[in-house]
Amino acid sequence: MRIAAWNVNSIRARLDHLTDWLRAANPDVLCLQETKVIDDDFPANSFSRLGYECAWTGEKTYNGVAILSRHALHDVTIGHADARAEDSARLIAATVQGVRVLSAYIPNGKTLDSPSYAEKLEWLARLRKTLDATCKPEQAIVLGGDFNIARDERDVFDPEQMRGKIHFSEREHQALDEVLSFGLTDSFRAFTEEGQLFSWWDYRMGAFRRNRGLRIDYLFVSKVVKEALRTATIDIEPRTWPKPSDHAPVLIEFDL
DNA sequence: ATGGTAGGATTCCTA
C-alpha cells in the first residue's frame, strides 16, 4: 500500500497539479490539507474519474481536509473525539483495507505570544485524546498531514535562527511528542538521518531555490506499519511546477 | 530588523 499526504493550499487552485500528481505517483490513499472549500464545492468528480473515492470536510476560505482512496473508505469520522461546534475543519479519519488513516492540519500557531499558539498546543492535546478514544496502538495506523512543527535541527534550514520560534519551539515539540507517545513513529526517519530535506518552503525570498525550508509534513505510523515499511519519501517535484503549493507531498509504501 | 509571495475574500486575513 502507498499512502501520501499533501497540503495543497487550495484544492481549486491546485486541481491540475493534484490530478497530474495522482496519475504519476498513483498512491492508494492521499491525505489532503488546506482544501479551502466548503463541502458543496469539493471537486469529488475530478477524483472519481481517476478511480478515487473521497471523504472531506471543509469551510469557507480556510483549512479543510480530505482523504482520497482507490479502495473503499469505511468508518469516516470528522473532527476530534471531543468535537466542539466552533472547531475548524482540520481532522478527518477513515479506515482503508484495515488501516486507520487520519488526515490532519495542525493550527499554524502564528507566534509564541499569540492565542493561536495556545490553540495549537491544545489541538495537539486533543489529537492525543482522539487517538486514545478511537484507536489502539496495536492496529495499523497512518497519521498524515501538515503538523506545522519541525521536529529537530535536521528539519530546519537554520536551527540557530529558528530555535524558540514558531514551528520550532519547546512546547510544540513536547505537544507533538505526547501525540507520538501513543505509539507512532516518524516514517521518514526510519530511512534517513540526513538533514536539510524539507516538505515546505516559503513562497517569498526565493526560499525553494535556496532550499530554505522546513520539514513539517509527516506520515506517522504505528508499529505494525513501521515494520512493513518499504520507503518513505518527500516528492519535491510538484514544488518545481508553475504556481505550486508551498508544500510538497510526502509518501510511504508498506507491505500490508 | 524588515519584508518579501500566495490564495481567497474584499481592502484584509492567514500562512
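Sequence lines set the chain letters: A, B, ... in the order given, protein chains first and strands last, and positions in each chain run from 1.
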Original post:
Looking only at heavy atoms, which two atoms of A:P27 and A:L251 are closest? And how far apart?
Top reply: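 Of all heavy-atom pairs spanning A:P27 and A:L251, the closest is CB-CD1, 4.3 Å.
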**OP:** Would you indicate, yes or no, if B:dG7 has its OP1 or OP2 atom less than 4.0 angstrom from a side-chain nitrogen or oxygen of A:K243?
**Re:**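 Checking B:dG7 against A:K243, a side-chain N or O does come within under 4.0 Å of OP1 or OP2.
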Of the options [options], whose atoms approach the side-chain atoms of [X] most closely?
{"X": "A:M205", "options": "B:dT5, B:dG4, B:dA15", "result": "B:dG4"}
{"X": "A:E34", "options": "B:dG7, B:dA15, B:dG8", "result": "B:dA15"}
{"X": "A:K110", "options": "B:dG8, B:dT14, B:dA9", "result": "B:dT14"}
{"X": "A:S10", "options": "B:dA6, B:dG3, B:dG7", "result": "B:dG7"}

I'd like the [atom1] distance from [M] over to [N], given in whole Å.
{"N": "B:dA6", "M": "B:dT10", "atom1": "C1'", "value": "16 Å"}
{"N": "B:dT11", "M": "B:dG7", "atom1": "C1'", "value": "15 Å"}
{"N": "B:dG4", "M": "B:dA15", "atom1": "C1'", "value": "13 Å"}
{"N": "B:dG3", "M": "B:dG8", "atom1": "P", "value": "26 Å"}

Original post:
So what does A:F208 touch, heavy atoms closer than 4.0 Å: a base, only the sugar-phosphate, or nothing?
Top reply: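 Contact class for A:F208: none.
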**OP:** Look at all strands and tell whether A:R209 reaches a base, only sugar-phosphate, or nothing, counting heavy atoms closer than 4.0 Å.
**Re:**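 No contact at all - A:R209 keeps every heavy atom at 4.0 Å or more from the nucleic acid.
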**OP:** Go through the steps to decide whether A:E122 and A:R171 satisfy the test salt bridge (charged side-chain N to carboxylate O under 4.0 Å, His left out), and finish with yes or no.
**Re:** CA-CA 11 Å; A:E122 189 197 22; A:R171 293 178 73 195; over 6 Å; no
Original post:
Should the heavy atoms of other residues, nucleotides or ligands under 6.0 Å from CZ of A:R230 be counted, would the total exceed 12?
Top reply: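 Yes, CZ of A:R230 has more than 12 neighbouring heavy atoms, counting only those of other groups under 6.0 Å.
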**OP:** Name the orientation class of the two ring planes belonging to A:F208 and A:W201 (parallel below 30°, tilted from 30 to 60°, perpendicular beyond 60°).
**Re:**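 Perpendicular.
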**OP:** Whole angstrom is fine here: how far is it from CZ in A:R204 over to C1' in B:dT2?
**Re:**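 Checked: the CZ to C1' distance equals 11 Å.
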